[in-house]
Amino acid sequence: MSKELIRLQDLVMEFNGERILDGINLYFNDHEFLTLLGPSGCGKTTTLRIIGGFLTPTSGRVLFDGKCINDVPPYERQINTVFQRYALFPHLDVYDNIAFGLKVAKLPKAEVHERVHQILEVVGLQGFEHRKIDSLSGGQQQRVAIARALVNRPKVLLLDEPLAALDLRLRKDMQNELKRIQQAMGITFIYVTHDQEEALSMSDTVVVMDKGRIQQIGKPEDIYNEPKNAFVADFIGESNILDGVMLADYKVKFFGRTFKCLDAGFEPNEPVDVVIRPEDIDFVAPEEGHLVGTVTAVTFKGLNYDIIVDFKGFKWLIQTTDFQPVGASVGIRLNPEDIHIMHKSEYSGMFGDYSSYSAEYDELTEDAGDEEE
Amino acid sequence: MKKNKSLLLSGPYIAWMVIFTLIPLCVVLFYALTDVDTGAFSFGNIENLVLYLPAFWRSILYSVVSALICLVIGYPVAYYMAHCRPTAQRFLYMLVMLPMCMSFLLRTLAWVGLLQDTGIINNFLEMLGLPRLSLIRTPGAVILGMVYNYLPYMILPLYAIIVKIDNRLIEAAEDLGCNSIQVFARVVLPLSMPGILSGVTMVFVPAVSTFYISNKLGSTDIVLIGDIIERQFKQGDNANMGAALSLLLMVLVFVCTGIMNRFGSDEEGGVLV
């Protein structure tokens with residue numbers, strides 16, 4: 001399971017003097033589903049394109065099975081790519097698109113035929129062999145793109161935001177499908193996305209990137225529960241991030257109160273970022289609360305309400321099924337396991353305040369269609 | 001409602017087409033099928049077409065050769081243009097268009113000045129102490145004239161198609177194991193087929209009916225069908241025969257473009273004729 005397959009060493013990429021990748025060190029294990037996650041412009045697509053061989057890094061090395069492949073052209077790498085918007089060949093039908101790589105490799109006709117049909121079954125497109133590409137729906141084109149890459153039995157499959165162009169429902173289906181295919185074929189998937197939910201639900205390992213640097217590497221649960229800095233805490237899910245001071249191990253002070261927590265290993269009186277996930281907060285009667293605030297906005301989200309509560313001028317997002325009307329005075333209690341402490345970072349103070357709550361949501365959805373070059 | 005509006009807007013051109021294309025075509029057909037002396041209905045002109053078959057074949061041969069030469073010269077240029085920076089693209093585009101802004105007659109006459117026995121090229125050769133060449137009045141000179149005049153018609157449609165080929169398709173082909181030659185053969189060339197077909201058509205059609213180029217650059221025995229048609233109308237006073245020849249030429253052009261469209265029928269998007 002854990003044999004190392006690809007290693008990136010001190011990757012630096014510059015375009016016209018602008019630093020896109022700033023010292024990426026990362027390794028990929030065999031059979032792993034690894035996701036590069038980050039906002040557009042964070043360098044995730046650039047990293048993928050370097051692994052695919054479409055870009056040569058300004059400095060640093062790409063190792064495949066221990067050998068440096070910096071100068072190996074894409075067509076000689078045992079890596080295939082599922083491109084953003086698929087890049088299917090419009091002059092070929094479904095069969096010829098999928099058979100493309102096999103024909104280039106000059107495989108015998110019978111074997112090409114067999115493998116194409118086999119893979120069509122895997123992606124659920126039997127009977128589509130002679131359909132034209134432009135007669136297929138987005139989801140079907142997506143499957144063809146995956147089949148076209150997988151049929152070559154690569155050691156590694158690179159996927160560059162493959163689900164970005166699909167609608168929500170189809171995206172969910174394809175997420176499960178991709179995970180199933182990855183497990184069935186037993187190959188390494190390196191997946192690029194800006195969708196944190198997608199990353200968390202599919203990956204074995206998530207690599208969070210921003211500004212050309214890796215912010216955190218870990219299992220989805222660890223990334224979510226133990227974010228390393230304010231950027232990760234904000235990007236993965238929603239977070240209320242507050243200024244605090246670590247008084248001693250397991251003791252943190254914020255909002256003028258001392259709370260018990262589960263974190264240790266900080267300097268005495270070290271200033272820290274305190275993360276409280278909106279879904280971990282429960283309302284209690286004002287007189288029983290550690291903190292008391294006023295509800296300023298309520299949005300119905302289906303599963304829960306998003307409630308903005310003003311605590312002494314700092315606005316928190318609280319996700320709860322417990323409805324509270326605007327203007328209500330509410331109390332909250334914080335248990336030690338609800339509080340997560342992070343060291344201060346360059347991102348401190350930039351995230352985790354919900355004063356401009358609606359604007360932030362809009363920004364997130366706008367990002368969805370962005371394409372990274 | 002919408003349909004009526006568009007009919008109204010296209011009305012003037014449709015009327016123009018009927019008056020100046022469709023009706024004249026009928027007149028040509030009428031002339032072709034009547035006797036020059038008696039004016040009676042006759043297949044005489046059609047039967048006499050056999051006499052001009054060699055000129056037809058020569059016209060087709062020369063224009064096919066020109067179209068192919070244009071393709072061989074034009075494709076790399078168009079490909080290069082399509083992969084330049086936008087500013088360079090605009091400059092090259094203008095450069096390709098530039099000769100078309102100059103009078104066709106002048107361009108052809110300029111070649112006479114260059115190629116003739118006492119022309120610039122031969123004078124230059126003599127200056128270098130080399131023997132003079134007989135360049136003008138050869139098939140080569142005629143084809144040169146055609147290539148020179150019609151090359152832009154090849155480059156521009158090719159460029160228009162190649163520039164639209166998505167770079168990701170090229171990357172996808174590389175990803176699937178193609179080296180640069182295979183990328184070209186398996187992706188770029190098939191995808192530029194519509195451009196090739198319209199380029200070839202746009203060179204072939206005017207070249208096959210040209211008369212001025214062969215007139216000026218060819219010898220008296222290199223007679224193309226365009227020359228013959230011109231002669232029938234202007235010197236021979238046999239407009240009926242000229243009409244029959246024009247008609248056959250038209251049929252030939254239709255057949256040739258039809259064959260080429262057949263070639264490209266797998267491709268999406270028709271050929272621009």
Side-chain angles (χ1 to χ4, degrees), chain A residues 45 48-55 72-93 96-107 112 130 132-135 141 144-154 156-162 371 373, chain B residues 71 75 78-79 82-89 157-201 260-272:
Chain A
T45 295
L48 198 76
R49 287 171 61 78
I50 288 174
I51 299 170
F54 302 109
L55 291 174
V72 177
Y75 59 88
E76 284 173 10
R77 297 190 181 193
Q78 286 170 299
I79 296 173
N80 285 110
T81 309
V82 177
F83 290 85
Q84 234 169 34
R85 316 241 163 110
Y86 325 136
L88 297 172
F89 301 119
H91 61 296
L92 302 176
D93 63 13
D96 285 329
N97 260 284
I98 297 175
F100 192 92
L102 303 176
K103 285 182 176 170
V104 170
K106 300 214 164 60
L107 260 59
V112 172
H130 301 298
K132 299 204 86 181
I133 293 305
D134 54 14
S135 75
Q141 291 192 18
V144 175
I146 293 166
R148 183 180 68 175
L150 282 178
V151 78
N152 303 292
R153 298 181 185 159
V156 179
L157 187 69
L158 309 179
L159 301 106
D160 188 3
E161 307 236 7
E371 194 175 330
E373 282 307 323
Chain B
L71 179 62
Y75 195 97
Y79 188 88
H83 291 87
C84 280
R85 288 155 168 274
T87 42
Q89 278 188 27
L158 275 174
Y159 162 75
I161 292 287
I162 295 171
V163 82
K164 272 192 267 171
I165 295 177
D166 190 343
N167 194 47
R168 271 177 299 201
L169 295 178
I170 292 165
E171 285 187 353
E174 287 177 352
D175 186 74
L176 293 165
C178 287
N179 59 32
S180 49
I181 295 167
Q182 287 166 320
V183 169
F184 182 76
R186 286 178 180 269
V187 177
V188 179
L189 195 62
L191 287 177
S192 32
M193 220 48 192
I196 294 176
L197 291 174
S198 62
V200 166
T201 309
M260 278 191 284
N261 273 315
R262 193 62 175 266
F263 254 119
S265 63
D266 302 336
E267 314 300 327
E268 50 186 319
V271 170
L272 219 140

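Chain identifiers are assigned alphabetically (A, B, ...) following the order of the sequence lines, protein sequences preceding nucleic acid strands; residue numbering begins at 1 within each chain.
Annotation: the span from B:Leu176 atom CG to A:Ile98 atom CD1 amounts to 11.0 Å, rounded to 0.5 Å. Distance CZ/B:Arg186 to NE2/A:His91: 9.0 Å, rounded to 0.5 Å. Atom-to-atom distance recorded for B:Asp166:CG and A:Tyr86:OH is 14.0 Å, nearest 0.5 angstrom.
Here the side chains of A:Phe89 and B:Leu191 are not in contact, with every heavy-atom distance at 4.5 Å or above.
Counting all heavy atoms, side chain and backbone alike, B:Glu171 lies closest to A:Phe54 at O-CE2, 3.4 Å. Shortest non-hydrogen contact noted between A:Asn80 and B:Asp175 is ND2-O, 2.9 Å. For the pair B:Cys178 and A:Phe100, the tightest heavy-atom approach, listed with the atom from each and the gap, is SG-CE2, 3.4 Å. Taking all atoms of both residues into account, the shortest heavy-atom contact from B:Gly177 to A:Val104 is O-CG1, 3.3 Å.
Among the candidates A:Ala87, A:Pro73, A:Ala149, the residue making the largest number of heavy-atom pairs closer than 4.5 Å to chain B is A:Ala87.
With a 4.5 angstrom heavy-atom cutoff, A:Ile79 touches chain B only via backbone atoms. Proximity to chain A (any heavy atom under 4.5 Å) is restricted, for B:Gln182, to the side chain, taken from C-beta onward. When heavy atoms are compared at a cutoff of 4.5 Å, A:Leu92 does not approach chain B at all. Using a 4.5 Å cut-off between heavy atoms, A:Arg77 makes no contact with chain B at all.
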| task | Step by step, work out the side chain to side chain contact (heavy atoms under 4.5 Å, CB included) result for B:Ser180 and A:Tyr75. | result | CA-CA 9 Å; B:Ser180 49; A:Tyr75 59 88; over 6 Å; no
